[in-house]
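What follows is a single structure, written as structure tokens, with notes after it.
Every chain is numbered from 1 and lettered A, B, ... according to where its sequence line falls, protein lines coming before strand lines.
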Amino acid sequence: MTPPDGTTAMRTHRCGDLRPEHVGEQVALCGWVARRREHGEHLAFIDLRDHTGVVQCVVDGAADLRSEYVVRVTGTVRERPEGTANPALPTGEVEVGDCAVEVLAEAEPPPFPVDKVGADAAEESLRLRYRFVDLRQERLQRNLRIRATVNAALRRAMDRQGFVEIETPMLWTPTPEGAREFVIPARLQPGSFYVLPQSPQLAKQLLMVGGFDRYYQIARCLRDEDLRADRQFEFMQLDLEASFVSQEDVLGFVTEAVLDATEAVTGARPGEIERLTWHDAMERFGVDKPDLRFGMELVELTDVFAGTGFRAFQAPCVKGIRVPGVAGEWGRNRLDGLTDRAKQLGAKGLVWMKVGAGGEFDSPVAKFLSGDEQQRLAATLEAEPGDLVLLVADERRVVQEVLGQLRLDLGRPPVSEGPLRFVWIVDFPMFDGVDDDGNPIPAHHPFTMVHPDDLDLLETDPLAVRSQAYDLVLNGSELGSGSIRIHRSDVQARVFRAMGISEEDAETRFGFLLGAFRYGAPPHGGFAVGLDRFVAILAGEDNIREVIAFPKTQSGADPLTGAPKPITERQLRELWIQVLPPPD
RNA sequence: GGUCCCGUGGUGCAGUUUGGAGUGCACGCCGGCCUGUCAAGCCGGAGGUCGCGGGUUCAAAUCCCGUCGGGACCGCCA
């Protein structure tokens, strides 16, 4: 997997590649002046940088260079004199001697230091305004190369599994569902508009009807929604769909692809991806995207306090988490802060208990709990001396949400740490509560297939219906989701009815897809993996902007180009568009 | 739409709580010295609309109001 050596007409080697084995070779290197140490008119050291690293070049004379000049250096590789090797540099045992330097391009001083320390410290908008400089630093070079490695590995995996890469249109049709769309005026049809696809969802289902039984695409998706550390207007997905498949087939295809990509980046292939049902994930971790890198699971305690006299625990659900060995670090102030946090998350309160040296509970509420309750509590939690125990009693959903978040607050390792813990979340519910009109709210898009065992519950108990939808989660981040789709019009009609979508409604919104399905739709299902988040985790980055060459700021601007900008009157007229005055 | 944090020479900070001369630190930049440095060193120098606007005050980087930009989050992202 060694990439080509980079030899060109202008250079013989790359800076970071030089080693003792090259000693004696006449070399030509090209790169940027990272640093220079000049000792008068007789000696100068130049640290020359390209994307492979830095090497020291020695000039026997004055070097009239400045930072970030682009230069070509010719000289002879030699071992460094006794005692002058630099173990901090991979190239530190050698240097290029007797250098002649040719300036290929002069450069103004960079607006911020071109290294990890300098760029990390700089205001991010400054980095983005000078992204072409920022990109030279090792971190972004590495991240974007990881990204390319992932893309290549995914393509290989999909090709190997018989998938066909097909591009779908960027100019698509508006659909009044889901994310807000970017709108493109149609010059040839004044008053009408295309939109940029929020995903290739409908297109790939049409491809299934069209007989491409294994489709994939590394697809750009666009959503005009507010930006976040893990969300940009435009993002990439490994999008796939296959016909005549079960859920198992789809999970298999995706597993193969993401494990291949992980191995390509890290050199190690994770074991088989484990699975949790949505129900178990919510009960044990309080979230549908559990971070399995650490324990502190939610422990069910409802039975323990079934007959309790303690008013606060007379609730539909009681759960607790055990934070091992930290009791000593939690004084009254911090615990009060934690209680505030729990209330802010929706709990009525938070009960904390410290486990003393003899296993006894130290807590303001201990006196309200019977000896038997305390004993069963300790046993169920497997509490050890020195542990801090946090308990919440409330409606089940509230308990899960609050403790799930506290678990993350107190235990979640940094993104750059720990093993890569993939997990499939399966058996999602079909609906997520009811809206103001009493209609069940679909948890996924309306073409998601019902779990085969639950089909008959659609009319009787819709909120109990599970779907054949599944998520892939990595270290607590949702990497992607997919489902088996409905391909039979009778089932689709029942699901629309359950959702409160009328036939006319459905026809208006998805008519072209439903129409196509009348011409012979195979059973099919698919998935989409969010690549920006995937790459960010593999690169150990919190923020997907660090794995995107030219990202936008939180307000959707690009400080480098100045986009978005007004366009000319003439352009507007051509598009039959008039800009309204801003509201007061 | 909302909550919170940040904005001071090119860069990163301190100064803001308790108003008193653009005060300080590190890096960078410019000039000089320097033949083994590697965050080179030593000497000297330049560089400021304290984001912007308004208000309070004898006096505002500092207090108040507004606004712009950046970031984190809620809403939103079927």
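- Put simply, the side chain of A/Ile548 does not reach to within 4.5 Å of the side chain of A/Arg545, judged on heavy atoms.
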Could you list the donor-acceptor pairs under 3.5 angstrom formed by side chains in residues 499-507 of chain A, with sequence neighbours left out?
unit_1, atom_1, unit_2, atom_2, d
A/Ser502, OG, A/Asp505, N, 3.0
A/Asp505, OD2, A/Arg509, NH1, 3.3

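- Within residues 56-74 of chain A, the residues approached by RNA chain B to less than 4.0 Å at the level of any non-hydrogen atom are A/Gln56, A/Arg66, A/Ser67, in residue-number order.
- Residues passing the salt bridge (Lys or Arg N to Asp or Glu O under 4.0 Å) test with A/Arg334: none are found, sequence neighbours excluded.
- Side-chain atoms of A/Thr553 and A/Asp558, non-hydrogen and from C-beta on, never get closer than 4.5 Å to each other.
- For B/C34 and B/G71, the P atoms lie 48 Å apart once the distance is rounded to whole Å.
- Here the side chain of A/Gln468 pairs a donor or acceptor atom with the backbone of A/Val450 at under 3.5 angstrom.
- Side-chain atoms of A/Glu108 stay outside donor-acceptor range of the base of B/G10, with no qualifying N/O pair under 3.5 Å.
- The stretch residues 82-91 of chain A touches RNA chain B through A/Thr84, A/Ala85, A/Asn86, each having a heavy atom within less than 4.0 Å of the strand.
- Rounded to whole Å, the P atom of B/A21 lies 13 Å from the corresponding atom of B/U62.
- With both ends at atom P, the span from B/G45 to B/A26 equals 15 Å, rounded to whole Å.
- A distance of about 35 Å separates the P atoms of B/G10 and B/U35, rounded to the whole Å.
- Checked by atom type, the side-chain pair A/Tyr215/A/Asp239 shows a donor-acceptor distance below 3.5 Å.
- Other residues, nucleotides and ligands place more than 12 heavy atoms under 6.0 Å from the CD atom of A/Glu25.
- Inspection of the A/Glu401 and A/Gln405 side chains reveals no N or O donor paired with an N or O acceptor under 3.5 Å.
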Expected string for nucleotides 68-78 of chain B under the B/S/- scheme (protein heavy atoms, under 4.0 Å, primed atoms plus P, OP1, OP2 as sugar-phosphate) is --SBBSBBBBB

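- Base engagement by A/Pro81 is indicated by at least one non-hydrogen atom pair under 4.0 Å involving a base atom.
- Residue A/Arg127 is out of contact with every strand shown, counting any heavy-atom pair closer than 4.0 Å.
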Below 3.5 Å, can you tabulate the donor-acceptor pairs from side chains in residues 221-233 of chain A to any protein atom, sequence neighbours excluded?
unit_1, atom_1, unit_2, atom_2, d
A/Arg223, NE, A/Gln198, O, 3.1
A/Arg223, NH2, A/Gln198, O, 3.2
A/Glu225, OE2, A/Arg180, N, 2.8
A/Arg231, NH2, A/Asp226, O, 2.9
A/Gln232, OE1, A/Lys552, N, 2.8
A/Gln232, NE2, A/Lys552, O, 2.9

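- Across all strands shown, A/Glu41 has no heavy atoms under 4.0 Å from either base or sugar-phosphate atoms.
- Contact check, A/Arg37 against B/U37: no side-chain N or O comes under 4.0 Å of OP1 or OP2.
- B/G75 and B/U17 have their C1' atoms separated by 34 Å, with the value rounded to a whole Å.
- Residues from residues 472-507 of chain A lying near RNA chain B, meaning a heavy-atom separation below 4.0 Å, are absent.
- Residues satisfying the ring pair (Phe, Tyr, Trp, His ring centres under 6.0 Å) criterion with A/Phe496, sequence neighbours excluded, are absent altogether.
- In this structure, A/Arg341 reaches neither bases nor backbone, as no heavy-atom distance under 4.0 Å exists between it and the strands shown.
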Show me the side-chain donor-acceptor pairs of residues 471-483 of chain A shorter than 3.5 Å, one per line, residues at least two apart or across chains.
unit_1, atom_1, unit_2, atom_2, d
A/Asn475, OD1, A/Arg421, N, 2.7
A/Asn475, ND2, A/Pro419, O, 3.3
A/Ser483, OG, A/Arg485, NH1, 2.6

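- Comparing B/G19 with B/C38, their P atoms are spaced 47 Å from each other, to the whole Å.
- For A/Phe447, the ring pair (Phe, Tyr, Trp, His ring centres under 6.0 Å) test picks out A/His445, A/Phe510, with sequence neighbours left out.
- The 5' end of RNA chain B is approached more closely, in terms of each residue's nearest nucleotide, by A/Ala122 than by the other of A/Leu43 and A/Ala122.
- By the stacking rule of 5.5 Å between ring centres and under 30° between planes, A/His39 stacks on the base of B/A40.
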Listing, residues 83-97 of chain A side-chain donor-acceptor contacts under 3.5 Å, not counting sequence neighbours, or none:
unit_1, atom_1, unit_2, atom_2, d
A/Thr84, OG1, A/Pro81, O, 2.6
A/Asn86, OD1, A/Ala88, N, 2.9
A/Thr91, OG1, A/Val54, O, 2.7
A/Glu95, OE1, A/Gln56, NE2, 3.1
A/Glu95, OE2, A/Arg78, NE, 2.9
A/Glu95, OE2, A/Arg78, NH2, 3.1

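- Every side chain to side chain donor-acceptor pair (under 3.5 Å) that A/Asp490 has, sequence neighbours left out, goes to A/Arg488.
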